[in-house]
Protein chains: 2
Amino acid sequence: MAQSDTVDRILDAAEELFAERGFSETSLRMITSKAKVNLAAVNYHFGSKNALIHAVFARFLTPFSATLDTAFDELEERCDGQPPTLNQTLWALTESAVRMPQRNEKGISIFMRLLGLAYTQSQGHLRKFLEQEYSEPFGRFMRLLKEATPELSSVDRYWRIQFMLGATAFTMSSSDALIDILENKLGVETTVQEIAARLVPFLAAGMKAPDKMLVPPTASGVSVA
Amino acid sequence: MAQSDTVDRILDAAEELFAERGFSETSLRMITSKAKVNLAAVNYHFGSKNALIHAVFARFLTPFSATLDTAFDELEERCDGQPPTLNQTLWALTESAVRMPQRNEKGISIFMRLLGLAYTQSQGHLRKFLEQEYSEPFGRFMRLLKEATPELSSVDRYWRIQFMLGATAFTMSSSDALIDILENKLGVETTVQEIAARLVPFLAAGMKAPDKMLVPPTASGVSVA
DNA sequence: GTCTGTTTGAAACATACGTTTGAAGGTCTG
DNA sequence: CAGACCTTCAAACGTATGTTTCAAACAGAC
């Protein structure tokens, strides 16, 4: 039992520190001292720091992609034949994320922050790892999005998907800080689930927005259309 | 003239490398060898690596915030009395960014990528520096957003602004990579200006989206609208 | 031309990093 | 009990980082 305990303690500490500070800014010594294990344990159990980063992602991405897969199965079954709507697709995704068994109350926001970091910090090895390990559920999500927005050109859809990813990854990656700010400023308490409930309509409206604007509004002070 | 040349060469090299690789991942030795100056020059002219990062931001953020300020002045004058619309406010911002005199053709995307990094990489010193140096134009933008969306509750507006920031910062922070991917996949060439032209309607539609969704779509396969 | 203050240069500084080593400790099988 | 294996540990390795040092080169003023 002892060896598995060390592995988990390292993963827990690494996950939290990576989410707080990023990958390059987190040293193995920080991780091992937070996890209360020997420095060499990381290289012994994982091989390298990069492999540890991969393991941190794999620990929640693997069960999550399984959950997501069955969620999409159910959704497509319910729609039999008909392609699921944009709202349904987005909800299937966020529900799967929110419903995932969490290690602790910060689980979901750590999860989101790590995903955001994975996209943002230009760590080549991570991008490669995620692409070849989780291309299937990602590709399925993209396919559903495409079928739910047949009115969009490929180029429009491409960019709008990036906008969605950005809004989601960014917001979720700093959800803790944003929730605190909101509470201090307006005295309102919020959960990650509520953020998701606000995010989905925002994203859906953005995806369904009228065409790309080619010219800025007229200078007369009245907006076009 | 020689001293100023060194300073500029350092700033140019630092700007480009920071945008490419992030702050922690860029060493002073990379910067000085790209700039073809002595290693000690950075500490001589700027004092420290952090101060260099601040200088890189100040070099374009100071003229930009001035440009933005007059753009907002003109906008409010055109609207005399009436608060500017959401579209107008967003356009004033993106136009100011795009119209800034660029040092080279990559200027605007480097600018955007750095702004994205500033938000994403949790570099405490940078955040503090930006907040106390550029709080005024930022606050003015927020005020305009508030007046342009009177129908939103404070809480809704707060979250939707975060969603906008996220979509923008995230997309722009990897705009180069995203442009490359799009060209390889669909053979379409894009400019940052075009991305902005697609982003603004997406953001505006999201801000004006119908209310926060409290319940996921019904399981019957029909969305509750 | 010489002097003064500023800028460059090569080298070293101390520190932190990821990784490796080899011995010590522990556990389970035979 | 002995032996084989897995795990931990303290220490060291080599390398890279940001920063400092101090002498040399340079500028413009007198």
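We name chains A, B, ... by the order of the sequence lines, and we start the count at 1 in each one.
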_Cationic N near anionic O, under 4.0 Å, A/K185 to A/D180_ = no
Practice problem: For the residue pair A/T62 and A/Y134, confirm or rule out a side-chain donor-acceptor distance under 3.5 Å. | Solution: yes
So salt bridge (Lys or Arg N to Asp or Glu O under 4.0 Å) across residues 39-67 of chain B, not counting sequence neighbours, yields B/D12-B/R59, B/E15-B/R59
>> Check this for me: does any side-chain nitrogen of one of A/K34 and A/E16 sit under 4.0 Å from a carboxylate oxygen of the other?
In response: yes
- prompt: So does A/K128 pair up with A/E133, basic N to acidic O under 4.0 Å?
  reply: no
Atom CZ of A/F46 and atom P of D/dC6 are separated, to the nearest Å, by 17 Å
- prompt: Considering only heavy atoms from C-beta outward, does the side chain of B/N43 approach that of B/L28 to under 4.5 Å?
  reply: yes
For D/dT8, does either OP1 or OP2 sit under 4.0 Å from a side-chain N or O belonging to A/H45? yes
Here the distance between atom P of C/dT7 and atom CG of B/D8, to the nearest Å, is 14 Å
**Asked** Does A/T6 have a side-chain nitrogen or oxygen under 4.0 Å from the phosphate oxygens OP1 or OP2 of D/dT7?
**Response** no
Nucleotide by nucleotide, nucleotides 15-22 of chain D touches protein heavy atoms under 4.0 Å in the pattern (B base, S sugar-phosphate only, - none) --BBBBB-
